[in-house]
Protein chains: 2
Amino acid sequence: MLSKKSQYAFKALEYLTAKYKEGPVLISEIAKKKKIPLKFLENILLELKKAEILDSKKGKGGGYFLKKSPEKVKVATIIRLVNGPISMLPCVSLYFYERCKNCDEKQCGLHDMMVEVRDATLKIVENRTLRDLVV
Amino acid sequence: MLSKKSQYAFKALEYLTAKYKEGPVLISEIAKKKKIPLKFLENILLELKKAEILDSKKGKGGGYFLKKSPEKVKVATIIRLVNGPISMLPCVSLYFYERCKNCDEKQCGLHDMMVEVRDATLKIVENRTLRDLVV
DNA sequence: TAGTAGTCCACAATCTTAGTAGGATAGTGT
DNA sequence: ACACTATCCTACTAAGATTGTGGACTACTA
């Protein structure tokens, strides 16, 4: 399951996508409209900024905005960034790979199945962008 | 990601599948062969027993064994039992559904995508059984 | 230079995960 | 009946993740 943090991140990004090219949006505005705890949202947006998804402007007239156009930000990227691995097993993850202890990948029945699950999931989340979230 | 507990559960079930119809298997044997902490494994097997996946026999010559044949135990069932929801969002889960707070499911962009992810995943894990884990 | 708004660091409460301890209970063989 | 064996059960703990909060600092704008 996606963490609350991830769900908040998507709600915020959704909001910023809808307001894309309308200039910086206040954290407080996003927090209020999307009902996200203000300080928690601060942390999340800062993280997204450090990952080059968002950019910000300080002072009056400031706020957060998308750094790239919404079509260019994949859902998979956000999940990996905020939530972590998409795969169900470490030994199957493309971005967070870890060798299975006491389990030979070549003869592990779970392994192959989880590769399939991973690919089925990626086929969806790698091909959707923030733009697809706003209908 | 599947928890360690879930991974242990699958390893144990894999072992019991391989030994299906060979009579009860000691917890200690499974723990040793699959390198799972003994007492932790006890809890896991007990849980699987309560869920009617396993059955057990006490005393000398006792141990654990599959209650049903391996072909009849779906991977999805085990994941839900030991790990929890398969879906990425509560509002998309079939077995652990919870309404989304502050988010209308009909107009939530994430919702529809996560329904797709769920279905793609279920298509795999609902159609594989313990038998498929042992190659 | 006053006010606004993001930045950054540290902390805290709560929950989950991963395991451990030890005795109770029930079945087996002699 | 008795000793032995193996599961059953409750409770506990330590560590880590999650979900926040508080407060000072920095940068920008008018």
Side-chain angles (χ1 to χ4, degrees), chain A residues 1-12 16 19 23-32 34-67 79 81-85 88-90 96 101-102, chain B residues 1-12 16 23-32 34-67 79 81-85 88-90 96 98 101-102:
Chain A
M1 297 262 287
L2 295 180
S3 63
K4 235 130 195 284
K5 184 177 164 188
S6 304
Q7 296 178 45
Y8 290 156
F10 275 113
K11 277 180 198 274
L16 289 172
K19 297 225 167 201
V25 182
L26 294 181
I27 300 180
S28 55
E29 181 185 334
I30 306 172
K32 198 176 174 186
K34 291 295 184 176
K35 286 169 186 158
I36 303 171
L38 181 79
K39 294 293 284 181
F40 198 17
L41 182 57
E42 267 186 33
N43 298 334
I44 297 169
L45 296 181
L46 197 54
E47 200 176 330
L48 290 169
K49 181 190 172 174
K50 285 177 179 160
E52 312 257 88
I53 307 292
L54 299 179
D55 209 343
S56 65
K57 225 182 131 187
K58 286 184 177 180
K60 188 158 192 175
Y64 274 98
F65 49 95
L66 287 173
K67 190 167 186 179
I79 296 181
L81 183 64
V82 184
N83 206 73
M88 283 191 163
L89 292 176
F96 299 83
K101 293 180 197 330
N102 325 318
Chain B
M1 296 264 286
L2 295 180
S3 63
K4 234 126 195 290
K5 185 177 165 189
S6 304
Q7 296 177 46
Y8 289 155
F10 275 113
K11 277 180 199 275
L16 289 172
V25 182
L26 294 181
I27 299 180
S28 55
E29 181 185 335
I30 306 173
K32 197 175 175 188
K34 291 295 183 176
K35 286 169 187 156
I36 303 171
L38 181 79
K39 295 295 282 181
F40 197 17
L41 182 57
E42 264 188 31
N43 298 335
I44 296 169
L45 295 181
L46 198 53
E47 200 175 329
L48 289 170
K49 182 191 172 175
K50 284 177 181 162
E52 313 256 270
I53 307 292
L54 299 179
D55 209 344
S56 66
K57 224 181 131 186
K58 286 183 176 179
K60 187 157 193 172
Y64 274 97
F65 50 94
L66 287 173
K67 189 166 185 179
I79 297 181
L81 183 64
V82 185
N83 207 72
M88 283 191 163
L89 292 176
F96 299 84
E98 272 177 64
K101 293 182 195 328
N102 325 320

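Labels below follow one simple rule: chain letters A, B, ... track the order of the sequence lines, proteins then strands, and each chain is numbered from 1.
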Revision key, fill the gap. With both pairing distances under 3.5 angstrom for Watson-Crick or G-U wobble, and | for a partner in another strand, the correct string for DNA chain C is ||||||||||||||||||||||||||||||
Review point. At under 4.0 Å, does any side-chain N or O of A:Y8 touch on OP1 or OP2 of D:dT19?
Key: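 Result: no.
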Review point. Closer than 4.0 Å, any side-chain N/O of B:K50 to the OP1 or OP2 of D:dC9?
Key: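 Checking B:K50 against D:dC9: at least one side-chain N or O falls below 4.0 Å of OP1 or OP2.
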Review point. Counting any heavy atom closer than 4.0 Å, what does A:L26 reach on the DNA or RNA strands: base, sugar-phosphate only, or nothing?
Key: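 Answer is sugar-phosphate: A:L26 comes under 4.0 Å of backbone atoms only.
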Exercise for review: Give A:I27 one of three labels, base, sugar-phosphate or nothing, depending on what nucleic acid heavy atoms sit under 4.0 Å from its own.
Suggested key: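 If one applies the 4.0 Å heavy-atom cut-off, A:I27 turns out to touch the sugar-phosphate alone, with no base involved.
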Review point. Is any side-chain N or O of B:N43 under 3.5 Å from a base N or O of C:dT20, one able to act as donor and the other as acceptor?
Key: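 Such a pair is found, so the answer is yes.
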Check your understanding: Which comes earlier along DNA chain C counting from the 5' end, the contact point of B:K39 or that of A:K39, where each point is its nearest nucleotide?
Key ->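 This one resolves to A:K39.
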Check your understanding: Between A:K49 and A:K60, who's closer to the 5' end of DNA chain C by nearest nucleotide?
Key ->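 Residue closer to the 5' terminus by nearest nucleotide: A:K60.
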Exercise for review: Please determine if B:K32 and B:E29 form a salt bridge, counting it only when a charged side-chain N lies under 4.0 Å from a carboxylate O.
Suggested key: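 Salt bridge: no.
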Practice item. State whether A:E42 and A:K39 are salt-bridged, where the test is any N-O pair (Lys NZ or Arg NE/NH1/NH2 against Asp/Glu carboxylate O) under 4.0 Å. Key: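 Yes, this pair counts.
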**Study point:** Passing option when A:S6 is tested against A:I79, A:I44, A:L81, A:N83 for side chain to side chain contact (heavy atoms under 4.5 Å, CB included)
**Key:**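 Passing option: A:N83.
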Practice item. Using atom CD of A:E29 as one end and atom C1' of C:dT4 as the other, report the distance to the nearest whole Å. Key: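 After rounding, the gap between these two atoms is 15 Å.
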Check your understanding: Nearest-Å distance, CG (A:L41) to P (D:dT21)?
Key ->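 Going from CG in A:L41 over to P in D:dT21 covers 12 Å.
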**Study point:** First of B:V25 and A:P37 reached from the 5' end of DNA chain D, by closest nucleotide
**Key:**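 Whichever sits nearer the 5' end wins; that is B:V25.
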Check your understanding: More 5' along DNA chain D: A:S3 or B:K58, using each one's nearest nucleotide?
Key ->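 Looking at DNA chain D, the more 5' nearest nucleotide goes with B:K58.
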Review point. Nearest to the side chain of A:E42 - D:dT19, C:dC8, D:dT7?
Key: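 Of the options given, the side chain of A:E42 lies nearest C:dC8.
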